[in-house]
Amino acid sequence: MGKVHPQAPFSSSPTEYFTSKQETFTIWMKSLILNGYGCTVFDSNGRIVYRVDNYDCKCRGKVYLMDLKGKILFTILRKKFRLLGLWEGYRSTGKEANPDRPGFQVRQRFRLCRGRSQCRVIVGQEKNQTQQYRIESLSSKSSYKILDKSGRPVAEVKRKQSACGVVLGEDVLTVVVEPFIDHSLIVGLLVVYGLINRKM
């Protein structure tokens with residue numbers, strides 16, 4: 001059986017959220033906690049950098065994106081509406097999530113055609129700092145892109161292939177993030193997309 005990542009030691013080194021070069025991550029849509037739900041994110045060196053662990057149920061309305069040490073980076077909440085799915089991510093400041101405004105919102109759009117779906121993303125709630133993205137599925141729920149307002153890809157997700165070209169299971173993904181993009185934000189958006197598609 002192929003490994004999710006060829007080397008996956010636990011590391012205590014600090015996580016860089018921005019880099020000046022393209023970065024590749026591996027997402028394993030499994031929790032490291034026995035009988036838990038969530039996901040684990042590895043960097044290109046096989047170090048665990050992010051994780052989500054839900055202990056009691058799948059697709060919770062409140063999840064936490066953490067670093068390896070358990071520091072909460074985003075508190076992600078599902079807002080209940082009759083017709084639209086809306087998720088908000090609150091960036092943590094110290095021990096608590098910032099209660100004033102969400103760091104991002106993800107609104108699920110109706111599926112207009114079979115096999116493709118979109119989510120609208122708003123990052124930052126101040127008028128002068130607002131950025132817009134969209135998450136667009138490709139051929140399957142395991143293949144999608146995050147695009148900026150002009151349609152330029154900022155991150156791309158697809159099923160991971162081993163070094164010898166074997167495609168791993170649907171729960172093992174490769175994520176390529178473009179330079180100068182907040183990695184923790186991208187992972188937060190991927191967590192929401194996983195929750196929308198009931199992967200966690």
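- Atom CD1 of Ile122 and atom CD of Gln105 lie 5.5 Å apart (nearest 0.5 Å).
- Here the closest non-hydrogen pair linking Val106 and Cys119 is CG1-CB, 3.8 Å.
- Checked against side-chain hydrogen bond (donor to acceptor under 3.5 Å, both in side chains), Ser31 has the following partners two or more places apart in sequence or in another chain: Asp53.
- Contacts of Ser20 classified as side chain to side chain contact (heavy atoms under 4.5 Å, CB included), with partners at least two apart in sequence or in another chain: Phe180.
- Distance check: Asp148 CG to Gln131 CD gives 9.0 Å after rounding to the nearest 0.5 Å.
- Within the structure, salt bridge (charged side-chain N to carboxylate O under 4.0 Å, His left out) pairs that include any residue of residues 180-195 comprise Arg91-Asp182 (at least two apart or interchain).
- Contact annotation: the side chain of Leu73 never approaches that of Ser92 to less than 4.5 Å [non-hydrogen atoms, C-beta and beyond].
- Atom NZ of residue Lys145 and atom CD of residue Glu136 lie 8.0 Å apart, to the nearest 0.5 angstrom.
- Residues Cys39 and Ile27 approach most closely at CB-CG2, 4.3 Å, considering heavy atoms.
- Under the 4.5 Å side-chain heavy-atom criterion for Ile, Leu, Val, Met, Phe, Trp and Tyr, Val121 and Val154 are members of the same hydrophobic cluster.
- Linking Ile, Leu, Val, Met, Phe, Trp and Tyr residues whenever their side-chain heavy atoms come within less than 4.5 Å places Val187 and Val49 in a single cluster.
- Nearest heavy atom pair, residue Ile48 against residue Phe42, reads CG1-CE2, 3.5 Å.
- The aromatic rings of Phe25 and His183 lie perpendicular to each other, with more than 60° between the two planes, well past the 30° mark.
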Considering only distance and modelled atom types, tabulate donor-acceptor pairs under 3.5 Å from the side chains of residues 164-179, sequence neighbours left out.
residue	atom	partner	partner atom	Å
Glu178	OE2	Gln22	NE2	2.9

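- When each of Tyr144, Trp87, Tyr133 is checked for a ring-ring contact (aromatic ring centres under 6.0 Å, His included) with Tyr193, only Tyr144 meets the rule.
- We find the CD-CD1 distance between Glu88 and Ile76 to be 11.5 Å, quoted to the nearest 0.5 Å.
- Of the possible donor and acceptor atoms, one in the side chain of Thr40 sits under 3.5 Å from a partner among the backbone N and O of Lys30.
- Here the closest non-hydrogen pair linking Gly188 and Leu65 is N-CD2, 3.8 Å.
- For the ring-ring contact (aromatic ring centres under 6.0 Å, His included) test, residues two or more places apart in sequence or in another chain that qualify with Phe74 are Phe104.
- Panel note: side chain Arg51, backbone Met66; no donor-acceptor pair is recorded below 3.5 Å.
- With sequence neighbours excluded, the residues satisfying side chain to side chain contact (heavy atoms under 4.5 Å, CB included) with Lys62 are Tyr64, Thr75, Leu77.
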For this session: Check the pair Leu190 / Ile146 against side-chain contact (heavy atoms from CB on, under 4.5 Å), numbers first and verdict last.
Result: CA-CA 9 Å; Leu190 301 183; Ile146 300 176; 3.9 Å; yes

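- Under the 4.5 Å side-chain heavy-atom criterion for ILVMFWY residues, a single connected hydrophobic cluster contains both Val63 and Met29.
- A salt bridge is absent between Asp67 and Lys71: the closest approach of a Lys/Arg side-chain nitrogen to an acidic carboxylate oxygen does not fall below 4.0 angstrom.
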For this session: Take Glu23 and Asp43, measure what side-chain contact (heavy atoms from CB on, under 4.5 Å) needs, and give me the verdict at the end.
Result: CA-CA 8 Å; Glu23 294 287 342; Asp43 68 11; 6.0 Å; no

